[in-house]
Participant: 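Before anything else, here's the structure in question.
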Amino acid sequence: MHRNMPTSPKIYHGNSTPLADAELAALIDAHPKPSSISEYSYGTAGFRYEAGLLPCVFVRMGIFTALRSASLGGEEVGAMITASHNAEPDNGMKLADSHGGMLDAAWEEHAVSLANAPDSKHALALIHTLSDYAKGNHPDATADGRLPKMVVHIGRDTRSHSPPLAALVIRAARAMGATVIDHGEVSTPMLHHFVMHANGHLLPSSIPQRCNESGYYEIMAMSYAALLRTGTVGSGGKRLPTTSTLVIDGACGIGASKVDKFQRIFAKLRAEGCTTGLPVLHTVNFPGEGPLNEECGAEFVQKQQLPPKLYSKSAAGVSKEYMTSFDGDADRVVFHFEDKSGKFHLLDGDKIAVLVSSFIQDELRCIDPDGKAVKCGVVQTAYANGSSTLYLKNVVKTNVIIAKTGVKFVHAAAHHHFDVGVYFEANGHGTVLFGPKFYDFIASADARLRGTPRHNRANIALRRLRVLPALVNQSVGDAMSDMMLVDAILFLRGWDLSTWARLYSDMPSKQAKVKVADRTVITTNDNETAATAPVALQIALQAAMDAMATQENADGGPKPRCFVRPSGTEDAVRVYAEANTQKGADSLASEAMVLIHKLCGGVGEPPQPLITNRL
Ligand code: G16
């Protein structure tokens, strides 16, 4: 098959009749809980461990996803096998509920209980409880005593151990009598898209229902092209030479292969005469060209504030004026460039939130100058650079909420608080959610503006806003869709990355991690800005921040800030510090690392002071 052709999923039809208890028990017993695991935990984004520790969880989660689908009366759900930004030896599972977003929080608890059931007897008891719940909830569908229809979509990343782990999930879901749709290698946001589109009744009516890989590309490309076309009339709409080639660092993971397939759609758009504004996409760091996520990809670039290593031969001599980095499962993206003096500049999730929210707000105000019809806002986490929060509040003049780290929290906050909720974590994970009031607003603007000149600014704004829900993945953060959105906005604004970067200057910051024997000894407040245990840790951190404020003479200006939190995806405690100077941020982060090591059971030698060497 041509390497640019989308692949078709493999379908295993089910009959809603689980295997007998003895056979299910045999399947569970064949994959026991490793002795090194006292309790599996559902972290920031699902289960994530060294791959060899996962077969036990994956068998049980195959069963669990089938039961989740049954509990929803046959709505389709998904399981993505990936450890995202982690190193190659790790793997994990992200679960998608029928709306395409993350698994419902109440069901996370059932997933954890099933993963940790001490043996097959306890696991079967839980399976029966969940089966009874599903049958009780959907009596019509279970008149013959069988479970309601169950459909589970499976996707996996490019890790070498993902196929055998996926095979276990498929086997277990089939043992429950579920229909399994195996999409093979896909990005995490693609899997979420498939699930969202499979449950068409949950999809906003303005988004065409396309539950396959080519549909995923086509919806994105068509709405992207429609957005670009609004730049050919009225103001804006010029592509600067500095943005004519977009170089995509695929982290040596799945994103690179998928962007390459997306090229096919670009070729089609060009053939149909849509040439205005299309950049040349140049993908580097394909699977196998280098180690996954190592010295490349969004996690490395954003955390280290360094350019990625370019492993591909085709990267020789490539322009570094307009670059993006995806993470290992392509649900995060950050932008970066090298200026004429060779200096590296990062445009992270905070910068994306600023660009996207101000664009949407400007367009809304072209139709509704008072800005009252639709409530817009941005959700950030404690990692958001202080300058970005100030810019959003003071210049964009939008609402800002700080939520706990993790897409499941920021997504929920955006959905709950805003009609147009932009959420981006600083690490590049984010999207824009459009609520019912936004769709009503578009419908009434459509009726009001019908018959007015096409080039009227309000009409242009309407055309721009109307395509956004199809362009921006409504289920989860999506590197490819966010990349296209940002590119289109830059094109419409007539900006390159340096113009965008100049909107505000980040406060110098430093991120680091520390290994401790048990990271659960650290707990934090709701939005993770302060540690609640050990008590002595927060007291010492506060003293360090106060001392830095005095040292930097920060009175009246932004105050140095530092927080720590246990990672939900890696066996480490994370540290974030920002100050008015890089030296101050480095010193605060170093001090926090030493405190963690001393007060929270650090492993190995005490951490050495951090020194940032800028490129
Ligand atoms: C996952 C979540 C992100 C979150 C990140 C934090 O990212 O999906 O929303 O920001 O974990 O990880 P930690 O808890 O280790 O700081 P990914 O891309 O690894 O799935």
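All heavy atoms count here, side chains included; hydrogens, waters and symmetry mates do not. Computed from a predicted structure; not experimentally measured. Remember, it's 1-based here, ligands and their atoms both numbered in the order they're listed.
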Participant: When you measure from the centre of the six-membered ring of Phe418, is the NZ or CZ of Lys375 closer than 6.0 Å and no more than 45° off the axis?
Facilitator: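 No.
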Participant: Using the side-chain hydrogen bond (donor to acceptor under 3.5 Å, both in side chains) rule, collect all pairs that involve residues 468-481, keeping only residues at least two apart or in two chains.
Facilitator: Tyr216-Asp478, Asn473-Ser475, Asn473-Asp478
Participant: How are the rings of Trp107 and His110 set to each other: parallel, tilted or perpendicular (split at 30° and 60°)?
Facilitator: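 Rings of Trp107 and His110: perpendicular, as their planes differ by over 60°.
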Participant: Scan residues 512-522 for pairs that pass side-chain hydrogen bond (donor to acceptor under 3.5 Å, both in side chains), counting only residues two or more places apart or in two chains.
Facilitator: Lys513-Glu570, Asp518-Thr520, Arg519-Asp571
Participant: Near ligand 1, which residues have a heavy atom under 4.0 Å away from one of its atoms?
Facilitator: Thr44, Ala45, Arg48, Ser84, His85, Lys94, Asp327, Asp331, Arg332, Thr405, Gly406, Val407, Glu425, Asn427, His429, Arg565, Ser567, Gly568, Thr569, Arg574
Participant: Determine, for Tyr504 and Lys351, whether the Lys NZ or Arg CZ falls below 6.0 Å from the six-membered ring centre while staying within 45 degrees of the axis.
Facilitator: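 Ring-cation test returns yes.
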Participant: Which residues satisfy the salt bridge (Lys or Arg N to Asp or Glu O under 4.0 Å) test with Asp97, sequence neighbours excluded?
Facilitator: Arg68
